[in-house]
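First the structure, in the form of structure tokens, and then the observations on it.
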Number of protein chains: 2
Amino acid sequence: MSKKPHKERPIMLLLDSLGRRWSLRIIWELQDGPAKFRALRSACDGVSPSVLNKRISELRKLGFVEKTDGGYGLTRDGESLAERLRKLDRWARRWDKRRQG
Amino acid sequence: MSKKPHKERPIMLLLDSLGRRWSLRIIWELQDGPAKFRALRSACDGVSPSVLNKRISELRKLGFVEKTDGGYGLTRDGESLAERLRKLDRWARRWDKRRQG
DNA sequence: AGGTTTTGCTACACTTTTGGTAGCGTAGAT
DNA sequence: ATCTACGCTACCAAAAGTGTAGCAAAACCT
């Protein structure tokens with residue numbers, strides 16, 4: 001036992017926030033540099049602006065995204081998270097090979 | 001250029017599937033061993049059985065979860081993904097400290 | 001065998017979230 | 001003044017998720 005209640009654990013906050021549509025994708029799309037609202041939107045398969053705006057607010061509140069002069073960009077933490085996504089990307093490729101030969 | 005279209009890339013499949021509610025959480029909750037449907041359900045804050053069932057099917061199709069004698073458990077790939085989540089957990093704690101001191 | 005429990009899971013009505021389109025208000029360039 | 005690009009809001013439709021009740025099958029007891 002001696003575990004903190006789930007809701008207080010940072011990982012739970014992450015699993016919950018990032019387990020929402022477009023959250024991870026947005027970070028993924030920002031990894032190569034800042035993007036403006038509309039550009040980011042079309043990079044994310046044309047996600048609706050209302051949702052995009054909501055996600056951006058959430059990600060800013062979590063400290064992953066910030067407004068820069070070139071549009072929206074990743075913060076230090078955002079970059080760090082993006083790096084984890086790149087590792088996941090490599091993992092995903094191996095996983096995919098295993099799946100379908 | 002020379003990038004594959006997004007939809008064909010494994011990472012996109014992952015970002016899309018795991019970017020759904022409870023997907024990551026389910027894997028997280030299964031990391032300590034198999035769990036039966038109802039136990040898993042209450043571990044996941046009482047997620048509704050319809051959604052849980054849908055998620056389990058998806059995760060099984062992706063090859064992360066399988067039916068074992070003790071309930072639902074992680075496959076090799078599932079374990080591997082769970083290991084990544086544990087790393088994310090450690091990362092999340094550092095991130096949390098940075099945020100709120 | 002008969003009865004109780006436990007199990008995975010479906011059905012259904014309801015709420016929340018997301019999708020899709022139109023377009024406003026501001027700012028800068030012409 | 002006009003045009004363009006911008007972030008973003010409003011609106012409604014569609015999809016996804018919630019919450020509760022409960023069924024059918026299997027497992028567990030006498």
Side-chain angles (χ1 to χ4, degrees), chain A residues 5-7 11-75 78 85, chain B residues 5-7 11-75 78 85:
Chain A
H6 272 160
K7 308 217 166 187
I11 183 70
M12 285 301 152
L13 184 57
L14 272 193
L15 292 191
D16 192 48
S17 298
L18 303 183
R20 273 182 157 64
R21 260 176 166 174
W22 305 112
S23 294
L24 287 171
R25 176 68 177 271
I26 287 170
I27 292 173
W28 178 262
E29 295 298 342
L30 288 181
Q31 68 178 309
D32 298 322
K36 304 196 170 178
F37 190 91
R38 282 165 134 100
L40 183 54
R41 178 162 132 76
S42 63
C44 291
D45 298 340
V47 53
S48 76
S50 40
V51 174
L52 178 57
N53 189 39
K54 202 185 292 178
R55 289 295 172 275
I56 289 177
S57 315
E58 293 162 2
L59 292 175
R60 287 177 72 181
K61 203 170 287 177
L62 292 174
F64 295 138
V65 167
E66 65 187 348
K67 246 181 177 169
T68 73
D69 42 355
Y72 292 105
L74 296 178
T75 62
L85 282 185
Chain B
H6 273 158
K7 308 215 165 183
I11 183 70
M12 287 298 152
L13 184 57
L14 272 193
L15 293 190
D16 193 49
S17 298
L18 304 182
R20 273 184 155 63
R21 265 180 164 166
W22 304 112
S23 294
L24 287 171
R25 176 68 176 271
I26 287 171
I27 291 174
W28 178 261
E29 297 297 342
L30 288 182
Q31 68 178 310
D32 298 321
K36 304 196 172 178
F37 191 91
R38 281 167 137 101
L40 184 54
R41 177 161 132 75
S42 62
C44 290
D45 298 338
V47 54
S48 75
S50 42
V51 173
L52 179 58
N53 189 41
K54 202 184 295 179
R55 289 295 170 277
I56 290 178
S57 316
E58 292 162 1
L59 291 174
R60 286 177 73 182
K61 202 168 289 177
L62 291 174
F64 295 138
V65 168
E66 65 188 350
K67 245 181 178 166
T68 73
D69 41 356
Y72 292 106
L74 295 178
T75 61
L85 282 184

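Predicted, not measured: the structure shown is a model, and the values here were computed from it. Side chains are part of it too, since the values below use all heavy atoms of this structure and drop only hydrogens, waters and symmetry mates. To find a chain, count down the sequence lines: A is the first, B the second, and so on, and within it residues start at 1.
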Self-check item: Backbone N/O of A/Gly19 and side chain of A/Ser23: donor-acceptor pair under 3.5 Å
Solution: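 Flag not set: sc A/Ser23 to bb A/Gly19 has no pair under 3.5 Å.
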Quiz prompt | Backbone of B/Ala39 reached by a side-chain donor or acceptor of B/Ser42 within 3.5 Å | solution = yes
Check the distance between [N]'s [atom2] and [X]'s [atom1] and give it to me in whole angstrom.
X       : N      : atom1 : atom2 : answer
A/Leu40 : D/dC6  : CG    : P     : 13 Å
B/Leu52 : C/dC9  : CG    : P     : 9 Å
B/Arg41 : D/dG22 : CZ    : P     : 15 Å
A/Asp69 : D/dC6  : CG    : C1'   : 15 Å
A/Lys54 : D/dC8  : NZ    : C1'   : 14 Å
B/Ile56 : C/dC9  : CD1   : P     : 6 Å

Practice problem: Apply side chain to side chain donor-acceptor pair (under 3.5 Å) to A/Ser48 and list each qualifying residue two or more places apart in sequence or on a separate chain. | Solution: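 Side chain to side chain donor-acceptor pair (under 3.5 Å) list for A/Ser48, sorted by chain: A/Ser50.
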Quiz item: Does A/Thr75 have any side chain to side chain donor-acceptor pair (under 3.5 Å) partners at least two apart in sequence or in another chain, and if so, which?
Solution: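 Expected list: none.
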Distance-only criterion, 3.5 Å: show the donor-acceptor pairs between side-chain atoms of residues 62-71 of chain B and protein atoms not counting sequence neighbours.
residue : atom : partner : partner atom : Å
B/Thr68 : OG1  : B/Gly70 : N            : 3.2
B/Thr68 : OG1  : B/Gly71 : O            : 3.1

Exercise. Could you give me the CA-CA distance, side-chain angles and deciding distance for A/Ile56 and A/Phe37, then say whether side-chain contact (heavy atoms from CB on, under 4.5 Å) is met?
Key: CA-CA 9 Å; A/Ile56 289 177; A/Phe37 190 91; 4.0 Å; yes
Quiz item: By a strict heavy-atom criterion of less than 4.0 Å, which residues belonging to residues 20-31 of chain B are in contact with DNA chain D?
Solution: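 Result for residues 20-31 of chain B: B/Arg21, B/Trp22, sorted by number.
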Quiz item: Of all heavy-atom pairs between B/Ser57 and B/Asn53, which one has the smallest distance, and what is that distance?
Solution: OG-O, 2.7 Å
Quiz prompt | Nearest heavy-atom neighbours spanning B/Leu18 and B/Leu24 | solution =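 Closest approach of B/Leu18 to B/Leu24, heavy atoms only: O-CG, 3.7 Å.
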So which protein N/O to nucleotides 5-8 of chain C N/O distances come out below 3.5 Å?
residue : atom : partner : partner atom : Å
C/dG8   : OP1  : B/Phe37 : N            : 2.7
C/dG8   : OP2  : B/Phe37 : N            : 3.2
C/dG8   : OP2  : B/Arg38 : N            : 3.0
C/dG8   : N7   : B/Arg38 : NH1          : 2.4
C/dG8   : O6   : B/Arg38 : NH1          : 3.1

I'd like a list of close polar pairs between nucleotides 11-15 of chain C and the protein, N/O only, cut-off under 3.5 Å.
none

Exercise. Using five base pairs at each end, measure the axis-to-axis angle across the helix from C/dA1-D/dT30 to C/dT30-D/dA1 and round it to 10 degrees.
Key: 30°
By salt bridge (charged side-chain N to carboxylate O under 4.0 Å, His left out), which residues pair with [X], not counting sequence neighbours?
X       : value
B/Arg20 : B/Asp16
B/Arg38 : none
A/Glu58 : A/Arg55
A/Arg25 : A/Glu29, A/Asp45

Practice problem: Begin with the C-alpha distance, continue with both residues' side-chain angles, and end with the deciding distance and a verdict on side-chain contact (heavy atoms from CB on, under 4.5 Å) for A/Leu85 and B/Leu15. | Solution: CA-CA 9 Å; A/Leu85 282 185; B/Leu15 293 190; 4.2 Å; yes
Quiz item: Taking side chain as C-beta onward, heavy atoms only, is B/Leu52 less than 4.5 Å from B/Ile26?
Solution: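 Sidechains of B/Ile26 and B/Leu52: in contact.
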Practice problem: Kindly indicate whether the side chain of B/Leu59, heavy atoms from C-beta on, has any atom under 4.5 Å from the side chain of B/Tyr72. | Solution: no
Please tabulate, one pair per line, each protein N/O and nucleotide N/O from nucleotides 12-14 of chain D that are separated by under 3.5 Å, including the distance.
none

